Amino acid sequence: EETIKIGILHSLSGTMAISETTLKDVMLMLIEEQNKKGGVLGKKLQPVVVDPASNWPLFAEKARELLTKEKVAATFGCWTSVSRKSVLPVFEEANGILFYPVQYEGEESSKNVFYTGAAPNQQAIPAVDYLMNEEGVQRWVLAGTDYVYPRTTNKILEAYLKSKGVAQEDILINYTPFGHSDWQTIVSEIKKFGSSGKKTAVVSTINGDANVPFYKELGNQGVKATDIPVVAFSVGEEELAGLDTKPLVGHLAAWNYFMSVDNEANKAFIEKWQAFIKNDKRVTNDPMEAHYIGFNMWVKAVEKAGTTEPDAVIDALIGVSVPNLTGGYSTMMPNHHITKPVLIGEIKEDGQFDTVFETPGLLVANEWSPYLEGSKDLIADWRKPLSCGNFNVKTGKCGGGAKASQ
Amino acid sequence: MSALTVSDLDLYYGAAQALKKVSLTAALGKVTCVLGRNGVGKTSLMRAVAGVRPIKAGSITLNGEAIDRLAPHERARRGVAFVPQGREIFPLLTVKENLETGFAPLKRKDRTVPSEIFDLFPVLKSMLGRRGGDLSGGQQQQLAIGRALTTRPKLLILDEPTEGIQPSIIKDIGRAINLLRSRGDMAILLVEQYVEFAHELADEIAVMERGEIVLHGPKSEISEEELRRRVAV
Amino acid sequence: MDQKISPELLYLNDVSVVFDGFRALNSLSLTIGEKEMRAIIGPNGAGKTTMMDVITGKTRPTVGTALFDGGVHDLTKLDEATIAGLGIGRKFQTPTVIENHDVETNVELALKADKGPFAKLFSRRTPQVQERIDEILERVRLKNARHRRAGDLSHGQKQWLEIGMLLAQEPKLLLVDEPAAGMTDAETADTAVLLREIAETRSVVVVEHDMIFVRDLGVKVTVLHEGSVLAEGSLDHVSSNERVIEVYLGR
Amino acid sequence: MTSTRLIDFKGYVFLAVLVAAVVIVPGLNLLLPADNPFHIPNYLVPLLGKYLTYALLALAVDLVWGYCGILSLGHGAFFALGGYAIGMHLMREIGPRGVYANPELPDFMVFLNLKELPVWWWGFDFFPYAALMVLLVPGALAFVFGWFAFRSRVTGVYLSIITQALTFALLLAFFRNDMIMGGNNGLTDFKDIFGIPLQTQGMRASLFALSALALGLGYLLCRYIVTSNFGKVLVAVRDQESRTRFLGYKVENYKLVVWVISAMMAGVAGALYVPQVGIINPGEFSPANSIEAVIWVAVGGRGTLVGAALGAVLVNFAKTWLTGAFPELWLFALGGLFVVVTLFLPKGIMGLIGSMDSVKAWTARRRAVAKPAE
Amino acid sequence: MTLLRILLCLVALAGVARAAEPQAIFDRLASTKYDDIEAGVGDLATSGLPAAADALSAALDGRLLVAPGKPALFKTPMGTTIDVATNAPAAAGADAGLKPVRVNNRIRRAVATAIGTLTLMSPDASARLRAAESVFRGRDPETLPALDKALAAEKDERVLAAMRRAKAAITLTTDAPEADKVAAVALVAERGDQDGLVLLRGLSETAPEAVKSAAASAIQAIETRQAMLARVQDVAYGVSLGSVLLLAAVGLAITFGVMGVINMAHGEMVMLGAYTTYLVQDLLRTFAPGLMEGSLAIAVPAAFLVAGAVGVAIERLVIRHLYGRPLETLLATFGISLMLQQAVRSIFGPSNREVSTPDWLSGSLDLFGLTLTWNRVAIVLFALAVFFALQLVLKKTTLGLQVRAVTQNRRMASSMGIRTDRIDALTFGLGSGVAGMAGVALSQIDNVSPNLGQGYIIDSFMVVVFGGVGNLWGTLVGALTIGVANKLLEPFAGAVLGKIILLVLIILFIQKRPRGLFALKGRFVDA
Ligand SMILES: Nc1ncnc2c1ncn2[C@@H]1O[C@H](COP(=O)(O)OP(=O)(O)OP(=O)(O)O)[C@@H](O)[C@H]1O
Ligand SMILES: Nc1ncnc2c1ncn2[C@@H]1O[C@H](COP(=O)(O)OP(=O)(O)OP(=O)(O)O)[C@@H](O)[C@H]1O
Ligand SMILES: NC(N)=O
Ligand SMILES: [Mg+2]
Ligand SMILES: [Mg+2]
């Protein structure tokens, strides 16, 4: 019996396994479910799981294996930006399809990648707006892990805050290494910075393992959300599940999905997930939703194209609209990013988020940030005849050889 | 009555045979002295008896009990004490601690360092707090003997105990061995190169050549002359 | 310091070594002339080995001078390899050989030659070298053991190997710490012969506790005690010294 | 004891296998049609090439560890530096084809708002300069580090740990965007070298062949070193460092020479690795990577050269295969392999090849352990 | 849904005309706009309704239920439903269609201030103190009458002082006479802490000169004090970090430092300890929730036993075959480490497990303005206790002597009658067990995940080696030195650069002392 292979490229071991294993499971669930519905184009889907082990070159190797040896029709994978950067040339060379489910720094648009996570404007900027408007925040700590995603996001935020009239001395930027575990100094610095008399908030792009000790330290040093709220972009339900959330009530996160969102689609999704994973305590989170959306988009596009042939599917994906789990529809835009609502939630005692703000409509991703010098003139549009991921509207040229259609 | 009986011992280092059908006895209250040129297998024999080197064939019994299957610490518990060639002091333990390692096979109430050790080797007393590894060669040798005596052995194995020791203390060691022998509760197995010393102390003499015992008997039957001839180059 | 300020080969003056308050050497002064052989005796712990440590650069004296080759070289400022390069060879009290090399290679490594890394990188064993090795192995009676791993030798064999290595170095000054330990009486006598031969062309310092051996050497004897010289002279002379009998020889 | 001939039997077999690989792998890949059962699929060529560069790194580690007793837990640093040197060249080769289409600056610099190329990037557009840097940068770092460490007589675990500290410090430093070395993402999205796209099969085959050649030459160099008199001194240093000094050898100089050579070999390995995997990032500096390299050597057999190379290939092949075939269980398998090798193959895989008695040796040892302590 | 929104907006708009009618207040509270809700909270506080205080605190926990046009109800913690307007139990089913009042941080702050005002007269002195504190933070002039009343009635000195400062804080926001304000500045400055600073720094530009200059000098004084405290605080942080390092490393100081096993699985022993803590808490939660506060006291011995048992098993199965081949222990333990990680991942899943902090370890201790969190203090004490206990075992017991003898010369030790295999197993078990105990402590400040151990292994080796292998004191001093140095560097260089500098310093230091801080000296060292 002929099957269609789907690659799942998420770390099951190493430092990223904490986050990525869940995504592998959610993909298995989605595929199983689709197969129950009869598969796609009358063929069953067959997941091909590999473990790139949180090792970036290994991601490239495994991607190549999936594409050329397993000949998968589409791949769902990666979490960190560096892993995506590592596999990008492979997907472009082999003309594969990658669905990338995590919020990232933008500044990229590839013909072969579909970005179902948030671009900075779909997460960071609305969060800052909320704090400014709702909480009257005037002073900002931008704390992040020292790598590209936080650095970029903070750069965009810095430019944005300044455009809103925030003075340089009211912005404190702080970077820490991956896996940083001793937060005493930084938390006390934050407290000090917050004692200027102006309302202060922390915008956290701290990633991965470092979050748990960071929040534990916040709780212990008594930094309350009512005094100095922390809004995070990489802390979701999954991360909170490993934390005692009592002292953290009121701190915030900005995402495009919360498990607590109240609607039928989400309820069904959660039920299915907990049944699939055989644990009624397991939570759902934003990147899971991103894969849910991405997978459904792919299914729809394949059905529209009538084939899994990459070029046809890539073309067919643009404009595909599927329900998201927050009660609306997300659409794949010509820049290969999707439209998303932005939700701001406060941490509750049970480890869930209480949505305190939601953008009225869906936002389209700015893959090229208007706040950055080099990229403000670029746009991505993969529809013919432009077919370009980095079209410069000033010069009227499509930059970057491999990025342009070949 | 022999405390130690070794019979038909074979011992190998890899493919090389170091002991060939070696048999030997050592009796309580007697000094059994093993002589032989360099590399003939004296040390190998002592190691086999102490248990630090596995044997290929043969048997070793101590007071009638087979000990050749036992680990060295179990032999120590049965009264075997070993003063190895090269001293093997615990370098980072102090002199006192080195001596106290000999407590392991003893009952709690017996766990004291016999004062005769300090009578014999007064230098040890003055250096109790110094680390064993810092001692001079001769001091280490004295410590090694003292350490063995701490275990109150029934069989004392001395592999070239006079090596590197100053003449006056060699004499003391000779006197000590005489004293231990005269108590009659200990068998002493002594490897010596120093013929004069050996002949003076020994009750029984065994001479080795290329892994074999070629001469074995009471001292009275072996003259110092013959001995010298046997171990000459 | 080009000028030889002293005719002596080795010149130790007022050398003290203190370990955590313990004086292992105490204002020791000693000189060894060219082609002189000297026997050094003394109680265990007198400082004989420590003295060799000072001469070979293993231990830095707390105070004192140690000069070599008529005062040209200040041994207290040089490292072990340089001192060895100057021509001071040493046999250790407990035999130390390169366990994982075979007997031949041990001798080869000791041979007098340019010992810089680049010289060694571009050299291999030549027939002349092989000849020299054979010669030495012959002398120390290890020819049959030439391909054995040095670590597998018996204690006495290692002693001989070390002596062989010392010969190979062709040093100006040989420091020999207890060469007879663990040797049979006959071998001990043979060692004495060997050392006397060597002393015809070089200087030798021998430490031993075997009085018969020391007598065989027939040279001037220095008695160390508690880190300094207690007596000096012929063996008969020193062995009649009451203090020497008391602290060392015994009655 | 190592045999003293420059190339012994194992060496001939090893070199023959390499030569065969150079002919067969590109040949079967390029000449046979894809549906031929003997066709070597495209993805395999860079993969095998990668193994060979790891093998070269393993040789470098074995040279210092196996023969001189320097357990380096930081050789990944030299590997990564070699990789960065070539990566910088490849970045410059991209020219105006970057996403921001800046003819002068690589994308990440545009993004960091740089206006001109930092000084330390100068010259990397010129291949011979980059190639020189592949040797010089790791070599110079090794020289400076070794100069101080060996002169101060830092040995054993102390040396191991400071090599680890070195690579860890470099890891953190390269993470920083302020280094202008691409930060956490590193250097990637390479296009071509000498104007030939990296992605063509011909290029891949050439890189593979070049890796095999480098490995062969690296092997011969190591053999030359260890069979020379220099090599004998190294072993003496490894086993009895202090004794060796008393024989008149300036141990620190020996260590320094072999250390620098080894670092340069690692640099070359890194330089060949980068174009084949397509990315170099600070992760290569992570201490775990360096430890892994040591593990390959141990698995293959320390102090055997061929074994080190074999270990690198086998462990990485196992990793490739297991992460695909048993994504959830492969750590058990790999971890188990390491334990089994140490217990049953004390001299690594080469020990097994060297003497088939190792099972006997094992039982003998077990008995020795069970009974008298040895 | 949109219809509902429009409706709600209309209701909210209607409520703008400020009415103290209870229903109008409830309608405001039922709004979706935080502005309205905040106003509603203020109104409720001043409404004089007897249930106001209870209703407000219920709002914080989502127990205050409202709907436009309906009477507001709140649930007591016992579960009975009370009508806010009447403060009497509500009819059954009255809560149908009601929803909890929406709260965010802003509302929480408003509620806290409001409750503060309402509890200023509470009979409980500590409640009044808290109330004064929240009035201080809220600085709402509308609370002034209530505050004045409370001040008049207050007897307790501490509460009185707090209330005076609260009043001063409010005074500074009003247009009170200059002299009053200057006096107020002095009162606020009394606090000497960051809250005081917040207030003084926040004084508006338009404040009279005299007030401004008084504030400026008060700020100056507080800042000087704070700067000094900051250095002390850095050292305290350093000691705390150092103790974490010490705990992580001390087990390794045994398995590696004393036994010479290059134990790459050490981190996994720490991890096992952390997971044991999780399991203990999980079991207690289901079977004996009453003991939760004591969970750590149970976890410490449990972790010791679990990790120790695993250590003994590893030693018996693997390590014992490797004595005399120290380098190969690296390979074997690396393999074991991979397997243990994967085993834990398979059993407990890859994500973090929640380990809760008992109340007695939460929060912080304020020592002359120095903030020391309780769990950090506890870790410092725990680390020292573990250290000295170990020191005692190794130095004062036969076991300790035998361990050292065995590791220095295994064969000779056996000849002396020491049961080397037992000692080996016990020692490795001891080192592993201690690592397990470290895991209990680390579970309080770090992730409990399969990767936990990996985060500490490099630092642990660094500490042991830096301190000098084989010397426990070295490990202690090494850990504290690295910790303090790290924390002194961090404020200047940042966490990343600080760490780089520290690593370079360690490399340089080893050049000076090639055998670590507490080097073994003596002739045997390289004999
Ligand atoms: N560990 C070993 N491995 C291999 N061969 C060994 C080992 N130890 C000793 N031998 C060899 O076994 C033989 C006997 O050695 P042994 O040490 O028993 O001699 P010995 O009589 O004690 O000599 P000596 O008087 O020199 O101490 C020698 O040929 C020696 O080289
Ligand atoms: N590093 C050290 N620390 C403390 N004491 C030491 C150290 N090195 C040597 N000693 C002491 O210095 C003294 C001299 O030792 P040395 O080895 O020089 O004696 P020796 O004359 O060679 O004795 P032997 O005849 O026994 O070999 C001894 O008492 C020894 O314990
Ligand atoms: N893209 C991220 N979160 O690394
Ligand atoms: Mg012997
Ligand atoms: Mg001596």
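Remember, predicted model here, so these are calculated numbers, not experimental data. So you know, we letter chains A, B, ... as the sequences are listed, proteins then strands, and number each from 1.
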Let me know if [X] has heavy atoms under 4.5 Å from chain C in its side chain, its backbone, both or neither.
{"X": "B:R230", "value": "neither"}
{"X": "B:Q85", "value": "side chain"}
{"X": "B:L35", "value": "neither"}
{"X": "B:Q141", "value": "neither"}

**Asked** Do you know which of C:Q157, C:H155, C:E208 has the most heavy-atom pairs under 4.5 Å to chain B?
**Response**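 Ranked by contacts with chain B, first place is C:H155.
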**Request:** For each of C:A189, C:A145, C:S154, tally heavy-atom pairs with chain B at distances under 4.5 Å, and name the one with the top tally.
**Result:**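 Heavy-atom pair counts peak at C:S154.
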For a 4.5 angstrom cut-off between non-hydrogen side-chain atoms, does [X] reach [Y]?
{"X": "C:W160", "Y": "B:N38", "answer": "yes"}
{"X": "B:P167", "Y": "C:L249", "answer": "yes"}
{"X": "C:H209", "Y": "B:I165", "answer": "no"}
{"X": "C:R149", "Y": "B:Y13", "answer": "no"}

**Request:** Apply the test side-chain contact (heavy atoms from CB on, under 4.5 Å) to residues C:F19 and B:D134: give CA-CA distance (whole Å), side-chain angles for both, the deciding distance (0.1 Å), then the verdict.
**Result:** CA-CA 9 Å; C:F19 300 109; B:D134 286 344; over 6 Å; no
**Message:** If I measure from the heavy atoms of chain B, does C:V207 come under 4.5 Å with its side chain, its backbone, both, or neither?
**Reply:**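 Neither part.
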**Residue C:E178 versus chain B: region with a heavy atom under 4.5 Å** =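 Side chain only.
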